[in-house]
**Student:** 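I have a structure here, written as structure tokens, and I will follow up with some questions on it.
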Amino acid sequence: MTIYEKYDLKKVINASGKMTILGVSKVSETVLNAQKIGGENFFEMSELVINTGRYIANLLGAENATIVSSASAGIAQSISALIGRGDAYHTMHPYTPKITRREIILPKGHNVNYGTSVELMVQQGGGVVVEAGYANECTAQQIAMEITEHTAALLYIKSHHTVQKSMLSIQEMVEIAQAHQLPLIVDAAAEEDLTTYYEQGVDVVIYSGAKAIEGPSSGLVVGKEPYITWIQEQSKGLGRSMKIGKENILGFVQAIEDFLVHGSESGDSMQARLSPFIADLNQMTGIEASVVQDAAGRDIYRAKVVVSGNLSAIEVIERLKQGDTAVYTREYQANNGIIEFDIRAVNADEMKTIVKKIAAILKGAN
Ligand SMILES: *Cc1c(COP(=O)(O)O)cnc(C)c1O
């Protein structure tokens, strides 16, 4: 009996990209092996956390790093660490009214919902969000205007979820932080470059383990001292409810090493894998398929399918999710009659399954 039968689950083909609702990524064989070693052995956990963090910091040329359970946990614990600044009383009483320096300044257009809100993670860490600028604009001056004696840190979200237009750069944010001697946190959860933000002078950089790096459920915080040590201290306080297991720590270190060697799949490789898929799709009437590059200009290529038959793109998308195998697509352009397939986590067999499923859907509609 398979897991799918045992729990009455649908099989899922993920042509939507890195989606938390589908479990984000598949992990490789080498990562699974490292997880197995983690699962089968004991370690002194504090040593495991500290030493794997140092190991990764060495790989990345950073002062220190630490593995956490998710990027969200990284945000909450970094905020708490920068408010408490290593104070043992604060670690055990993170919401104490005795500490009043709790304001975290971020551009208003960065206070987004990525599945949960940035604001809630800041609040979980005991921070008070101060939004600088406007929904569609934030300048360096607008950030600086919000700094008071209550400011604990600055926060910048590097993500396609945020407002990009009329937004100050990370470099400008670093300059303000340094001029005011405030620590700067960058949430780079889904980003692929594990060194650039740290090298630009950011104090604490946060990544999600299962997004670009394709690790197990985990997060990475890269940064300067004493901040990383303060973040590790959170395990005696609010970090306890965000604990990560030994198997995922070891699996994630392996995933980082693999990612640094191989990187992610190149755009050329995606285009090559897409070409038979596009050809198969173009055999059908009522749809027209082509290859398109990511709208934000990243080296990601997808299949763009324009639907023009009896069914709307929205209906085709819904029917793809039904049946024994649910196919999830990128739906952002469904209103314009367009379905996008992101094949980063889709293999050749799965593309054949998608083609068959679309053929059956279109046939059923005639
Ligand atoms: C995905 C994401 C997160 C959260 O990452 P998790 O590891 O799932 O907690 C945080 N911030 C941004 C911008 C994200 O895209």
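Order of appearance sets the numbers: ligands from 1, and atoms from 1 within every ligand.
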**Student:** Using only heavy-atom distances, determine whether the side chains of Gln232 and Thr66 contain a donor-acceptor pair under 3.5 Å.
**Tutor:** yes

**Student:** Side chains of Ser80 and Gln234: do they bring a donor and an acceptor to under 3.5 Å?
**Tutor:**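 Per modelled atom types, Ser80 and Gln234 side chains form a pair under 3.5 Å.
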
**Student:** Which ligand 1 atoms does Ile157 reach within 4.0 Å, using its non-hydrogen atoms?
**Tutor:**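 It comes down to these atoms of ligand 1: 13 (C).
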
**Student:** Using a 4.0 Å heavy-atom cut-off, which part of Val118 comes near ligand 1: side chain, backbone, both, or neither?
**Tutor:** neither

**Student:** Compare His160, Lys211, Met121, Glu191 and give the one whose heavy atom is closest to atom 14 (C) of ligand 1.
**Tutor:**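 Looking at heavy atoms only, the winner is Lys211.
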
**Student:** Each residue besides Tyr95 in its hydrophobic cluster should be listed here, by chain and number; the cluster joins Ile, Leu, Val, Met, Phe, Trp and Tyr at side-chain heavy-atom distances under 4.5 Å.
**Tutor:** Leu238, Met242

**Student:** Taking 4.0 angstrom as the limit and counting only heavy atoms of His161, give me the atoms of ligand 1 inside it, by number and element.
**Tutor:** 15 (O)

**Student:** Considering the heavy atoms of Ser159, write down every atom of ligand 1 situated less than 4.0 Å from one of them.
**Tutor:**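 Every atom of ligand 1 under 4.0 Å from some heavy atom of Ser159: 13 (C).
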
**Student:** Does the ring of Tyr197 carry Lys158 above it, NZ/CZ under 6.0 angstrom from centre and within 45° of its axis?
**Tutor:**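 Relative to the ring axis of Tyr197, which defines the angle, Lys158 lies outside at least one limit.
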
**Student:** Give a yes-or-no answer on whether the side chains of Ser264 and Glu192 include a donor-acceptor pair shorter than 3.5 Å.
**Tutor:**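 Looking only at side-chain atoms, Glu192 and Ser264 do form a donor-acceptor pair, the distance falling under 3.5 Å.
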
**Student:** Within the 3.5 Å criterion, strictly below it, is a donor on Gln35 or Asn248 matched to an acceptor on the partner's side chain?
**Tutor:**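 Checked: Gln35/Asn248 side chains pair up, N/O donor to acceptor below 3.5 Å.
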
**Student:** Any idea which part of Ala189 is under 4.0 Å from ligand 1, heavy-atom wise: side chain, backbone, both or neither?
**Tutor:** side chain

**Student:** Under 3.5 Å, N or O to N or O, is Gly209 touching ligand 1 that way?
**Tutor:** no

**Student:** Out of Asn113, Val68, Thr162, Asp187, whose heavy atom sits nearest atom 10 (C) of ligand 1?
**Tutor:** Asp187

**Student:** Tell me, please, which residues at least two apart from Gln200 pass side chain to side chain donor-acceptor pair (under 3.5 Å).
**Tutor:**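 Expected list: Thr196.
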
**Student:** Taking atom 7 (O) of ligand 1 as the point of reference, which of Ala73, Ser69, Ser72, Ser208 owns the nearest heavy atom?
**Tutor:** Ser208

